[in-house]
Amino acid sequence: MNSSRAAAVLNVVGGERLPGRATFEKVNPADGSLVALVHDAGPDVVDLAVSAARTALDGPWGAMPVNERAQVLRRIADKIDERADELAAAETADTGKPAALVRDLDVARAAQNFRAFADVIASAGQDSFLTDLAGGRKALNYAVRKPLGVVGVIVPWNLPILLLTWKLAPALGCGNTVVVKPSEETPSSATLLADILADAGVPDGVYNVVHGFGPGSAGEYLTTHPGIDGITFTGESSTGSAIMRAAADRVRPVSFELGGKNAAIVFADCDLEKTVDGLTRSIFLNTGQVCLCTERVYVERPIFDQVVTRLADRARQLRLGHPDGPETTTGPLISEQHRKKVLSYFDLAVSEGATVVTGGGVPTVDPGLDGGFWIEPTLWTGLGNSARVVREEVFGPVAALIPFDTEEEAIRLANDTEYGLAASVWTTDLARGHRMAQRMDVGMAWVNTWYLRDLRSPFGGAGLSGIGREGGHHSLQFYSELTNVCVQL
Ligand code: NAD
């Protein structure tokens, strides 16, 4: 595409579209074609966005009764459904993912996020205590929930609209206003969402979007801005630590959903067919670019070879191809830079002694897609827990398979990581499933399934994988402040 005719993605500030200090190119990862020129917000645009959010906080949004705000969230969900094709097309062009995946996972979940948090805020109660005092007197304590304020929302590229709305729905539901910094790799859906929110009756200035990168760019300008009351962030653990330092100066609260190096534990008594289905999905969904994806598979020794063979067969059956292809199961990586990182782990694995069971390189793809950032689904054996590729998050379609002999050994291996996001256990012995899942040092442990979510349940990670939990009423704790009122009766 000729760059002079590429679509422009602008910043959204107080309901207006604002140009940035320069533009940068966004290309489609499936074929390398130009998708848009994105307006890079300088400090002045970030400043205007924070001011617009501050002004809107004192307007009708913050003061709106909770039930009315819940109604607005439901309207947003309906409008997302109405414009699902448009949102899905934008998301597919930014990410190169299979169109069916975008429609069924990303966009569908965006609408569900708003509906789920409409229910949560409409039914949320507060603590109240009747306190006994000397002489038979009493005092009434009750807590009043208020918005946290202007919230900085910084999100990654892997599930752009899903992860943005996961934070946006509770943030708006609690009466906050936001300044969103989408990933530089996926600017489009967050921008399109501004129209949907306006259509649903969200006042100007409640939802602002600034585009750009991290350090020395919109991300850093936002996290260091004195007008931000809290930061909710999803992304890499190292970025989380940079943002935590930025927030520390003004003691601002942070909620972090960070990286993972997630384990699956497969017992010999598992339902092998269902387990291989589940593992295939958990290793390769979204080309392995889901924070919850499994990158370590511990298999009980008697079935180790069978699992390796079956999983490798399934990896070879994945269809890499055009996002609209009816058979396509798997898209590219997000960028050339990310592919270089994943390929460097392919080299490292071999130098650390891995046997490459399948994959390990760059695939041959359909004509027209050779400008894309394609990578082969890859499985390794022959590695132990000390290998760097078994310790560090690769964030690609890869897993190392490692045998074990006892439950104790499996738990020790699975918990031997600095991360603590998710895990799965595969067994037909349900007592063992409960026992193992409860001993996993992770935020989410699944038994005989993976990435099955009830949006009321807590979501987040331990260790390097995050701070805090979001989901259901857990989200309300971050996105609101409480004032406790104590009345002597
Ligand atoms: P990233 O940390 O590189 O970027 C995320 C966002 O932060 C982007 O918008 C980026 O521009 C911004 N950013 C980068 N440096 C910044 C800085 N110094 N200050 C402020 N903002 C900054 O992450 P990514 O590569 O976009 O996403 C992949 C990572 O996200 C993986 O590690 C993955 O595990 C993690 N992730 C975690 C979850 C979860 O729920 N735990 C979900 C999805 C992705």
Side-chain angles (χ1 to χ4, degrees), residues 24 26 29 38 40-41 43 46 94-95 105-106 109 113 152-167 179-187 189-190 209-225 228 231-248 252 254-262 285-295 333-335 337-342 392-396 417-422 442-444 451 453 455 458-471 474-475:
F24 59 91
K26 167 61 204 157
V38 188
D40 185 19
V46 174
D94 275 0
T95 60
L105 175 67
D106 304 58
R109 249 297 290 282
N113 285 338
V153 181
I154 301 183
V155 279
W157 45 259
N158 62 326
L159 302 165
I161 195 163
L162 186 160
L163 292 171
L164 166 59
T165 53
W166 172 242
K167 293 176 173 301
V179 180
V180 172
K181 214 297 279 168
S183 168
E184 53 275 28
E185 295 293 349
T186 50
S189 56
V209 184
V210 293
H211 293 295
F213 302 79
S217 185
E220 187 182 326
Y221 303 147
L222 186 58
T223 54
T224 53
H225 197 290
I228 290 289
I231 301 167
T232 179
F233 168 73
T234 302
E236 283 190 20
S237 304
S238 56
T239 310
S241 106
I243 291 178
M244 207 167 174
R245 281 193 292 274
R252 291 295 174 255
V254 293
S255 176
F256 284 168
E257 295 178 338
L258 308 177
K261 187 72 186 178
N262 310 303
L285 184 75
N286 202 30
T287 319
Q289 302 168 116
V290 179
C291 55
L292 306 166
C293 272
T294 302
E295 291 193 2
L333 294 173
I334 190 70
S335 63
Q337 189 194 359
H338 189 48
R339 181 163 67 169
K340 278 193 184 133
K341 176 182 154 189
V342 175
E392 297 174 15
E393 183 186 47
V394 179
F395 217 54
T417 170
E418 284 191 274
Y419 291 99
L421 191 59
V442 294
M444 286 77 58
Y451 201 1
R453 294 276 299 121
L455 303 184
F459 183 93
L464 273 187
S465 293
I467 296 180
R469 294 292 182 273
E470 298 198 22
H474 303 277
S475 295

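Side chains included, hydrogens not; waters and symmetry mates left out as well; all remaining heavy atoms used. Whatever order the structure lists ligands and atoms in, that order sets their numbers, starting from 1.
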Item to check | Minimum-distance protein heavy atom relative to atom 27 (O) of ligand 1 | outcome: P156 CB, 3.2 Å
Checklist entry - Got a sec, which residues hit side-chain hydrogen bond (donor to acceptor under 3.5 Å, both in side chains) with E257, two or more places apart in sequence or on another chain? => result W166, T234
Residue [X] vicinity, atoms of ligand 1 by number, heavy atom under 4.0 Å:
X	answer
F233	2 (O), 5 (C), 6 (C), 7 (O)
F459	40 (O)
L421	41 (N)
L163	42 (C), 43 (C)
G219	19 (N), 20 (C), 21 (N)
E257	37 (C), 38 (C), 39 (C), 40 (O), 41 (N)
N158	43 (C), 44 (C)
C291	34 (O), 36 (N), 37 (C), 38 (C), 39 (C), 40 (O), 41 (N), 42 (C), 43 (C), 44 (C)

Just by distance, do the side chain of [X] and the backbone of [Y] share a donor-acceptor pair under 3.5 Å?
X	Y	answer
H338	F395	yes
K26	V38	no
S465	L258	no
D106	L159	no
S237	L464	yes

I'd like to know whether ligand 1 has [X] as a neighbour, heavy-atom separation below 4.0 Å.
X	result
P182	yes
G466	no
G461	no

Side chain, backbone, both or neither: which applies to [X] and ligand 1 if a contact is any heavy-atom pair less than 4.0 Å apart?
X	result
E236	both
L258	backbone
Q289	neither
K181	both

Would one find an N or O of [X], backbone or side chain, under 3.5 Å from an N or O of ligand 1?
X	result
T234	no
V155	yes
S465	no
G212	no

Next on the checklist: Is it true that T417 and K261 share a donor-acceptor pair across their side chains at a distance under 3.5 Å?
Outcome noted: no
Next on the checklist: Does either side chain, that of Q289 or that of T95, offer a donor lying less than 3.5 Å from an acceptor on the other one?
Outcome noted: no
Item to check | Closest candidate by heavy atom, reference atom 33 (C) of ligand 1, pool Y419, F395, Y221, F213 | outcome: F395
